[in-house]
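Atom set for the values below is all heavy atoms of this structure, side chains included, hydrogens, waters and symmetry mates excluded.
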Amino acid sequence: MPETKADLRPAKLSVSYAKENAPKLVAQGGNAVPAKLQVVDETGKVRALYTVGPLPPGAELSPDKFALELANAPLFPLVPNR
């Protein structure tokens, strides 16, 4: 775990898709991710926001169990800003 904020290095983020599982956000080459992620459409307008948080204490999420839970989660429609 990084000691101070100065020790944090942003990871490069990408999305991985698999036919059987839900998409995964993959973090590589760093030790931190943004606390909030914007979802933008092809024009650059913000359509949604993800907020990142730690796993609950004692949580044991295997990749397979978590992927199944995400695969069964509803989709969020990207509606125009009003």
Side-chain angles (χ1 to χ4, degrees):
M1 189 74 156
E3 303 260 341
T4 68
K5 189 173 181 177
D7 296 328
L8 297 176
R9 294 181 328 278
K12 179 180 177 184
L13 302 177
S14 62
V15 179
S16 172
Y17 294 90
K19 290 181 182 179
E20 311 81 39
N21 299 321
K24 295 178 186 178
L25 188 60
V26 180
Q28 295 178 313
N31 61 6
V33 295
K36 294 185 179 185
L37 299 170
Q38 294 179 347
V39 177
V40 297
D41 65 14
E42 61 276 356
T43 69
K45 288 190 176 194
V46 177
R47 300 298 186 185
L49 180 70
Y50 283 101
T51 302
V52 179
L55 290 175
E60 292 183 27
L61 293 177
S62 71
D64 292 335
K65 179 180 183 288
F66 195 54
L68 180 62
E69 289 177 13
L70 289 175
N72 292 320
L75 294 174
F76 183 83
L78 297 179
V79 295
N81 292 341
R82 294 192 166 101

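Taking 4.5 Å as the limit, every side-chain heavy atom of Val15 sits out of range of all side-chain heavy atoms of Val26. In this structure the side chain of Val46 never reaches within 4.5 angstrom of the side chain of Val39, judged on heavy atoms. Between Thr51 and Leu37 there is no side-chain heavy-atom pair separated by less than 4.5 Å.
Checked against Val33 for a side chain to side chain contact (heavy atoms under 4.5 Å, CB included), the options Leu8, Leu25, Val52 give a single hit: Val52.
Within the 3.5 Å criterion, the main-chain N or O of Asn31 finds no donor-acceptor partner in the side chain of Asp7.
Interatomic distance, Lys45 NZ to Gln38 CD, rounded to the nearest 0.5 Å: 14.0 Å.
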